[in-house]
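Both ligands and their constituent atoms are indexed starting at 1 by order of listing.
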Amino acid sequence: MSYNSNIDSIELLRKAEKSLMYVTPRPSIVFIEGKGSYLWDSEGNKYLDMIAGWAVCCLGHSPDTMVDALARQAKQLINPSPSFYNQPAIEFADLLTKISCMDKVFFINSGAEANEGAIKLARKYGQKFKNGAYEIITTWNSFHGRTLATMAASGKKQWENLYKPQPKGFTKVEYNDTEALRQSISKDTCAVMLELIQGEGGVIVADKNYVKQVRQLCDENNILLIIDEVQTGLGRLGDMFAYEDYEIEPDILTLAKGIGGGFPLAALLAKDKVCCFEAGDQGGTYSMTPLGAAVGIAVVQEIIDLDLCNHVKKISEYFTKQLSDLILRHKVVKEVRGKGLLLAIGLHEEIANEIKDECMNNHLIINAPNTKTLRFMPALNISTVEVDEAMSILNQILNNFTGKS
Ligand SMILES: *Cc1c(COP(=O)(O)O)cnc(C)c1O
């Protein structure tokens, strides 16, 4: 990879500290290039990336198909405004409705916006068809985004008192608990909002029976089921959409992360009967840009053409087996969780952050969603050789940690 020795890393990091608003601690590294499952920093160091831009770069970093689509569409038309139709947005909506059980699509740019739109659509449906029902039932430990409403919808205890007052209208119940959900339904309930795997929550998988029972409860009570597939959608779990494996159909579906392959793009999808927005109810200056849609088409078409769902199923089996072997080898490893290429290992001790940092020092990028979990969400086209490389680094580091404790 081209290493640009003209970059003054120290100076860049000084500027970063001076000018970027602080929101989270970051390592003293500046990434300048990416290809496939690898990233390069400004010092020329190469890293194996097992988080893929936070489960977004599903085709790896800077894949040719995205670069071509971006260049082609940028030359042709970037944004005629959301007031007018454009060809890529029409074609992309058509493609998404063909590969999913959904009828209509609204495009925006982030998962939080997609979920915010889902909340609005469900409330509008409640106003129009259910005597003003507005309450949305969500689950503890869930993550639905960082707008005020999606933070209120999320089940993070530490967010309950942040940015008070919180938008009202969200009831939280335990995940995988049908009875708790049944008991929290009232005449004011318009929707249930659910992740099929709680990704940010630490890769907690929904039980199949639970999801089927939730679907049934929603049907019996005229309640909409919103499935948040921002993280699980577009092949991440080995099916194009996670709801397929659960053998249910949502009324509203939200997609982001993988849909843009790293480019900011998201979609709110719904069944016809739910689509009740009236003129002016929903919008956004950057909704349905041809540039975003052209990238989305390229990404989704590549997932289909390369049969990446099948690849994910196979490589997941390989990866899961290797992760399971860690349980026997290292006392600190408790279990393997997840599906497809959204995998995690649960630890007995609260040392996930230390292990993650040590991996980074050894040029392996992984994530610690909490102190007892290590998460892996690599590009969908990752190879067995790359999985082996990651496992070898991780094994070495776990050896050192076990040696210390
Ligand atoms: C990442 C995520 C979101 C938020 O998406 P942004 O693009 O960061 O706004 C919402 N829901 C789930 C399940 C996610 O994983």
Side-chain angles (χ1 to χ4, degrees), residues 23-24 50-58 106-122 136-156 159 162-163 167 170 172 175-176 191-206 211 214 225-237 239 241-243 245-246 250 252-269 284 286-287 289 292 295-296 299 337-344 367-370 373 375-380:
V23 293
T24 189
M50 299 298 278
I51 69 168
W54 221 265
V56 298
C57 304
C58 54
F106 174 77
F107 292 113
I108 48 292
N109 310 292
S110 69
E113 278 179 287
N115 286 333
E116 186 92 12
I119 292 164
K120 288 184 196 169
L121 188 58
I136 297 178
I137 302 172
T138 65
T139 61
W140 287 114
N141 200 43
S142 64
F143 181 86
H144 298 295
R146 288 176 170 280
T147 60
L148 282 175
T150 53
M151 282 178 91
S154 298
K156 281 177 89 130
W159 281 3
L162 190 64
Y163 309 134
F170 300 98
K172 277 152 216 166
Y175 196 53
N176 277 328
V192 171
M193 188 159 164
L194 210 60
E195 290 166 277
L196 295 176
I197 289 186
Q198 291 183 328
E200 298 308 302
V203 189
I204 313 296
V205 183
V211 174
V214 172
L225 179 56
I226 304 168
I227 298 290
D228 176 351
E229 290 223 36
V230 167
Q231 187 153 164
T232 57
L234 283 317
R236 174 67 41 195
L237 302 192
D239 288 300
F241 305 103
Y243 71 74
D245 189 42
Y246 282 86
I252 299 176
L253 174 72
T254 55
L255 302 171
K257 295 205 164 88
I259 197 173
F263 189 84
L265 185 64
L268 162 67
L269 299 93
Y286 294 114
S287 115
T289 69
V295 174
V299 170
R337 300 194 297 268
K339 248 200 97 186
L341 285 177
L342 179 52
L343 297 170
N367 165 245
N370 58 52
T373 306
R375 177 169 53 160
F376 310 89
M377 37 188 177
L380 302 186

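- Numbered from 1 in the order shown, with element, the atoms of ligand 1 that lie under 4.0 Å from a heavy atom of Asn115 read 10 (C), 11 (N).
- At least one side-chain heavy atom of Phe170 sits under 4.5 Å from a side-chain heavy atom of Ile119.
- Inclusion of Phe143 in the set of residues having an N or O under 3.5 Å from an N or O of ligand 1 is warranted.
- The shortest side-chain heavy-atom distance between Arg375 and Glu200 falls under the 4.5 Å cut-off.
- Under 4.0 angstrom from ligand 1, the non-hydrogen atoms of His144 all belong to its backbone.
- For a threshold of 3.5 Å applied to N or O pairs, the pair formed by Ala256 and ligand 1 contains no separation below that value.
- Using a 4.5 Å heavy-atom cutoff, the side chains of Phe107 and Thr289 are not in contact.
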*Can Arg146 and Trp159 be said to form a side-chain contact (heavy atoms from CB on, under 4.5 Å), step by step?*
CA-CA 10 Å; Arg146 288 176 170 280; Trp159 281 3; 3.7 Å; yes
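- In terms of polar-atom proximity, Glu195 is not counted as a contact of ligand 1, lacking any N or O under 3.5 Å from an N or O of the ligand.
- With a 4.5 Å cut-off on side-chain heavy atoms, Tyr286 and Asn109 count as touching.
- Here the heavy atom of the protein found nearest to atom 9 (O) of ligand 1 is Ala112 N, 2.7 Å.
- Side-chain contact check for Leu343 versus Val203: every heavy-atom pair is 4.5 Å or farther apart.
- Near Gln231, with a cut-off below 4.0 Å to any heavy atom, the atoms of ligand 1 are 15 (O).
- Residue contacts with ligand 1 for Thr232 are absent, since no atom lies close enough (heavy atoms, distance under 4.0 Å).
- Of the protein's heavy atoms, Lys257 NZ, 1.5 Å lies nearest to atom 1 (C) of ligand 1.
- To the nearest 0.5 Å, atoms CH2 (Trp54) and CG (Asn367) are separated by 4.0 Å.
- Protein heavy atom closest to atom 11 (N) of ligand 1, with residue, atom name and distance, is Asp228 OD2, 2.8 Å.
- Protein heavy atom at the shortest distance from atom 5 (O) of ligand 1 is Gly111 CA, 3.2 Å.
- Proximity of Ile197 to Leu237: side-chain heavy atoms (C-beta onward) are separated by under 4.5 Å at one or more points.
- For the residue pair Thr139/Gln198, the side-chain donor-acceptor check at 3.5 Å is satisfied.
- For Trp54, no heavy-atom contact with ligand 1 is shorter than 4.0 Å.
- For atom 7 (O) of ligand 1, a protein non-hydrogen atom is found at a distance below 4.0 Å.
- Looking at ligand 1, you won't find any N or O of Val230 less than 3.5 Å from one of its N or O atoms.
- Below 3.5 Å of separation, one finds no N or O of Glu113 facing any N or O of ligand 1.
- In this structure, Asn141 and Glu195 have side chains that are not in contact, with every pair of non-hydrogen atoms separated by 4.5 Å or more.
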